[in-house]
Amino acid sequence: MSKIRLTEQQEKRKQWLIERMNDYQEIDEPLVDALAFAIDQLEFMDAQINDVKSLLESRQFMANRDKFVKQVESGLKMLDITPQARNKAKAETAKLVDPLTELLASDL
């Protein structure tokens, strides 16, 4: 994956994503860059649709938008920051709690 030069807005979005991933040891920066770029492009395209409703009828525009939607979904899955991945991680963490520790914590 090639290095993407992010705009200031995209860089802010990247930092927001990294903050959401604060429990990760390693962060795949090129993937986060690509995700920040795709989110920004999707947001831009949605703003264009709000301004020019006829874009909804443009097959080419909607096909391009769909590519960014898929890129965002894929990036979120690859980084395990989907709501499903977070819920699964919480459930697995809860399974690791020792019953004795849990009992002691409830007495506090």
Side-chain angles (χ1 to χ4, degrees):
M1 194 177 289
S2 63
K3 178 74 175 143
I4 298 172
R5 176 180 259 169
L6 300 177
T7 65
E8 186 176 329
Q9 180 64 28
Q10 293 164 349
E11 191 64 42
K12 288 178 186 176
R13 187 161 277 113
K14 174 186 174 181
Q15 292 308 314
W16 180 85
L17 287 165
I18 290 172
E19 287 172 16
R20 298 304 171 279
M21 299 168 45
N22 64 358
D23 55 336
Y24 286 88
Q25 295 297 333
E26 289 185 35
I27 294 176
D28 184 350
E29 285 221 29
L31 181 58
V32 177
D33 287 350
L35 181 56
F37 176 80
I39 290 170
D40 188 64
Q41 291 302 303
L42 189 57
E43 190 175 83
F44 174 74
M45 293 178 96
D46 287 347
Q48 286 183 309
I49 290 171
N50 285 335
D51 293 339
V52 183
K53 302 288 186 214
S54 63
L55 288 174
L56 288 169
E57 298 169 15
S58 168
R59 284 186 173 177
Q60 183 64 44
F61 183 87
M62 294 308 290
N64 287 336
R65 184 185 178 281
D66 190 48
K67 289 177 186 176
F68 283 113
V69 168
K70 288 178 179 162
Q71 186 177 350
V72 168
E73 290 172 349
S74 176
L76 292 173
K77 286 177 188 173
M78 290 170 61
L79 294 170
D80 278 340
I81 55 177
T82 62
Q84 296 86 354
R86 291 294 185 181
N87 288 338
K88 181 179 176 183
K90 286 179 187 176
E92 288 175 3
T93 301
K95 288 179 188 175
L96 298 175
V97 175
D98 178 34
L100 181 59
T101 305
E102 191 174 283
L103 180 64
L104 292 173
S106 67
D107 289 340
L108 296 177

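The shortest distance between side-chain heavy atoms of Lys14 and Glu29 falls below 4.5 Å. The shortest side-chain heavy-atom distance between Ile49 and Met62 falls under the 4.5 Å cut-off. Side-chain contact between Asp66 and Lys70 is present, with heavy atoms from C-beta onward closer than 4.5 Å.
Listed here is the closest heavy atom pair of Ala34 and Gln71: O-NE2, 3.6 Å.
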Atom pairs and distances, donor-acceptor, side-chain atoms in residues 53-61, under 3.5 Å, two or more places apart:
unit_1 : atom_1 : unit_2 : atom_2 : d
Lys53  : NZ     : Asn50  : O      : 3.4
Ser58  : OG     : Phe61  : N      : 3.2
Gln60  : NE2    : Asn64  : OD1    : 3.4

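When the side chains of ILVMFWY residues are joined at heavy-atom separations under 4.5 Å, either directly or via intervening members, Leu42 and Phe44 end up in two distinct hydrophobic clusters. With hydrophobic clusters built from ILVMFWY side chains whose heavy atoms lie under 4.5 angstrom apart, Val69 shares a cluster with Leu31. Placement of Leu35 and Trp16 within a single hydrophobic cluster is found when ILVMFWY residues are connected by side-chain heavy-atom separations under 4.5 Å, directly or transitively.
Legend: residues meeting salt bridge (Lys or Arg N to Asp or Glu O under 4.0 Å) with Asp28, ordered by chain and number and at least two apart, are absent. Applying the salt bridge (Lys or Arg N to Asp or Glu O under 4.0 Å) test to Arg65 and every residue at least two apart in sequence or in another chain returns Asp46. Not counting sequence neighbours, Gln48 has no partner by the side chain to side chain donor-acceptor pair (under 3.5 Å) test. For Lys67, the salt bridge (Lys or Arg N to Asp or Glu O under 4.0 Å) criterion is met by no residue, not counting sequence neighbours. For Glu43, the salt bridge (Lys or Arg N to Asp or Glu O under 4.0 Å) partners at least two apart in sequence or on another chain are Arg13.
Atom CG in Leu17 sits 7.5 Å away from atom CG in Leu79 (nearest 0.5 Å).
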